[in-house]
Structure formats: structure tokens, C-alpha cells
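Presented below is the structure to which this report refers.
Numbers here simply count residues along the sequence, with the first being 1. All of these numbers come straight from a predicted model, not from anything done at the bench.
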Amino acid sequence: MSNGAWVAAVDACVAAVDIGGSGLRVQVLRGRQTGPVRTAPGVRIQPGGIDVPTLALAARGLLAQVLEDGAPDVVVWSMRGLLFLADRDEVLRTVRSTLRAARTVVVSDAVANLVGALGGLRPGAVVAAGTGAVAFGTDFAETWRRVDGWGHVLGDVGSAAWLGLEGLRAALRAHDGLPSGSRALLRSSTAAFGEPATWPRQVMNAPDAPERLAEFAPAVADAAATDPVCADLCTRGGEGLGDALLAAAAGLPDPVLAATGGVLGATPVREALEQRLARDGRALTAAEGSALDGARLLGAHLVETGGLPTHASYLLIG
């Protein structure tokens, strides 16, 4: 289909798909009307990486509930772990063949988070702190910069999984009688996970380990007001998010800075993030939307203009 035909397709159907640790979400945009968000289980990391075919089939099933033939004009597929846990070209082929859209866009969730937070393709930087954490900055031309997003074992500082993991480490220090342990966290973590001897298997071998760890993050944040160990963890997490955001924005002229994700609902984490930015004379702009909103906006931009900025690692079109 020519670019002019895409611009003329004001009633084109766009399917936005966003996949993270907390779930797979699908929303359809037809013209200017958005449908309800439909959900399914999200990413589970297997020994070989992310099982994209299973996710694509789940997305097709959700689309079949709202589309007669299940085939939209445009699919924008935003996915956590695109850079390290999947073959990007294979993801594009799988999504294109399974969802059968006329145009298929595969994008890192870092890019979708930025577009959603800024309400469009605007230069800026965002840090997204959910189950994982990643910061991303771009001008959609020369600069495309990702910071962290290395996963809960190697990074994701300030994420819910990181905060839960650090909380369990503090609980185990208390269990072992070591300094800087937290008796409060030992009590709450034992209630949540059982006896400490069972924890390694739960958080090291289980495919849903990041999600299990993330579920414990609220206990750490809730105890921060009375437990200095928890307060310190929240401060470290928020400052880590701020460091990542500033690094992602480096080199961009007067970038807009935003932050998204459930971890920011924890007051001590968000305050530490804001204070870290303030030390550099910067402040957050309120995020307008989520990664799902960003995927939808990318699809709408493709329909309206006939194209999108592309990048071999972050944004592919097929």
C-alpha cells in the first residue's frame, strides 16, 4: 500500500500490543476510537529466551474477540526483553505471520514507554520502573540511548524486582545475624515466601522469579517510614532511577524528562528520584501515558504519515 493510501486510511485499524512481566495488553484503535484493553499473561523467560510464538498466539486470540477476521491494518508490538532475550528479526517474522497485519512494527518497550510518556514522537528521555527498569532517550534521529534494562540479576536498579530482591537480601542478613539486616523484612518475607531455606529455588530457578520478587517490593516500601534499612533501599532505588534517566538524556538538547511505572507509586522511591534530578537542576514532566499508549501512538503515526523513524535494535517495520 502506498504512503498516500495510508494517509487516506482514516478508518484504519491499529492493534497496539504491549508485553511486560506483569502481562500482555492489547488495545485496538479504529479511526480515533479506542477500544477496551484486553489482557493475558505476559513474558516468561525460558532457557532459550522469550517464547514469542506463544505470546503472538495469545495476542491473536485477544484480537479475535474484537475483530471479525482478527487481522488489523497495523500491529505495533512493544516487548520487554527485545534487545537481549529474543532475535529481533525473528520476532518481526513471527508477529507478522501470526497476526497477519498489513504492516507490522516491532519496538522495544523502552521506546514505547517514551512515546507514551511524552504523548508522541518528541525528543526526550524516560525511565520506566515496573517489574524491571530501563531508561531511554532519543531524538528519533541520531541519538538512541538505553541505560540499564539488564534484568533483575545484573541490573534493573530501582525496579520492583530489584527492590524485592534487595529486601530479601536484607532479611537474610537479619536471619544470619549480620549487620544491616532487617528483622521487619525477615518477618514479612517469611510470611510471603515461607522458610528462608526455600527462597533460592523460588527466586533463582523459577521462570517467574522477577514477578515473585516484584510482588515483595510493596512490603519494602511500606516499611520505609519506620525501618531505616527499608528507607535506605528505597533511596538507593530512586537515586538509581534518577542516575539512569540523566544518563539516557545525556547529549539531547533540553530534553523532556519523564518517569513511568508502578514503583513510582512508592513515595520514598519517587521522592529520591526527584531529589536526584533536582541536584542536577532538572525536574520531571508528568507522564501522559504508558507503553501501551506509546504503541498505539506509533501505529497512529504510521497510518497518518506513512512512516516511522527506524532503528536496527529498537524499532523495526515489516
Side-chain angles (χ1 to χ4, degrees), residues 19-25 39-47 50 80-81 127-134 148-242 244 259-274 290:
I19 303 163
S22 60
L24 181 157
R25 301 181 297 160
T39 63
V43 167
R44 291 293 182 268
I45 300 172
Q46 307 296 333
I50 295 173
R80 168 193 176 199
V127 61
T131 300
V134 61
D148 208 343
W150 295 112
H152 73 287
V153 174
L154 298 177
D156 284 2
V157 175
S159 70
W162 178 90
L163 195 58
L165 179 59
E166 291 298 320
L168 290 185
R169 286 173 170 162
L172 288 177
R173 288 196 295 272
H175 176 273
D176 292 343
L178 296 172
S180 70
S182 168
R183 300 298 302 181
L185 285 180
L186 180 58
R187 289 190 295 271
S188 58
S189 55
T190 300
F193 292 91
E195 289 302 312
T198 70
W199 297 359
R201 180 169 295 183
Q202 293 185 60
V203 302
M204 293 172 64
N205 299 337
D208 62 345
E211 290 70 41
R212 292 190 185 192
L213 291 168
E215 289 173 357
F216 188 58
V220 180
D222 290 345
T226 56
D227 187 309
V229 173
C230 295
D232 178 65
L233 291 178
C234 290
T235 297
R236 286 169 49 201
E239 290 184 343
L241 295 174
T260 65
V263 173
L264 300 177
T267 299
V269 176
R270 185 176 185 92
E271 288 180 345
L273 164 61
E274 292 172 341
S290 66

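Here the CG-CG distance, from Asp222 to Asp227, works out to 12.0 Å after rounding to the nearest 0.5 Å. Separating the OG1 atom in Thr131 from the CD atom in Glu215 is a distance of 8.5 Å, to the nearest 0.5 Å. In this structure, the separation between CG on Leu264 and CG on Leu241 is 6.5 Å, given to the nearest 0.5 Å. Separation of atoms CD (Glu211) and NE2 (His152) is listed at 9.0 Å; rounding is to 0.5 Å. Taken from CZ in Phe193 to CG in Leu213, the straight-line distance is 6.0 Å, to the nearest 0.5 Å.
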Go through the steps for Thr198 and Gln202 under the test side chain to side chain donor-acceptor pair (under 3.5 Å), then give the verdict. CA-CA 7 Å; Thr198 70; Gln202 293 185 60; 3.0 Å; yes
Verdict with supporting geometry, Leu273 and Glu239, side-chain contact (heavy atoms from CB on, under 4.5 Å): CA-CA 5 Å; Leu273 164 61; Glu239 290 184 343; over 6 Å; no
Report the C-alpha separation of Trp162 and Glu166 in whole Å, then their side-chain angles, then the decisive distance to 0.1 Å, and conclude whether the side-chain contact (heavy atoms from CB on, under 4.5 Å) test is met. CA-CA 6 Å; Trp162 178 90; Glu166 291 298 320; 3.6 Å; yes
Could you go through Leu168 and Leu172, starting from their C-alpha distance and side-chain angles, then the distance that decides it, and tell me whether this counts as side-chain contact (heavy atoms from CB on, under 4.5 Å)? CA-CA 6 Å; Leu168 290 185; Leu172 288 177; 5.5 Å; no
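Asp148 places no side-chain N or O within 3.5 Å of a backbone atom of Val134 that could act as its donor or acceptor partner. One N or O on the side chain of Ser189 and one on the backbone of Leu186 form a donor-acceptor pair closer than 3.5 Å. No donor-acceptor distance shorter than 3.5 angstrom exists from the side chain of Trp199 to the backbone of Met204, with no hydrogens or angles considered.
Among all heavy-atom pairs drawn from Leu163 and Val220, the shortest one is O-CG2, 3.8 Å. When all heavy atoms are compared, the tightest approach of Ala217 to Ala160 is CB-O, 3.4 Å. Taking every heavy atom of both residues into account, Ser290 and Arg25 meet most closely at OG-NH2, 3.7 Å. Contact record, Gly167 with Phe216: C-CE2, 4.1 Å, taken as the closest heavy-atom pair. Ala221 and Pro268 make their closest contact through O-CG, 4.2 Å (heavy atoms, listed as atom of the first residue, atom of the second, distance). Minimum heavy-atom separation, Ala174 to Arg183: O-NH1, 3.2 Å.
Between Arg80 and Pro210 there is a side-chain heavy-atom pair separated by less than 4.5 Å.
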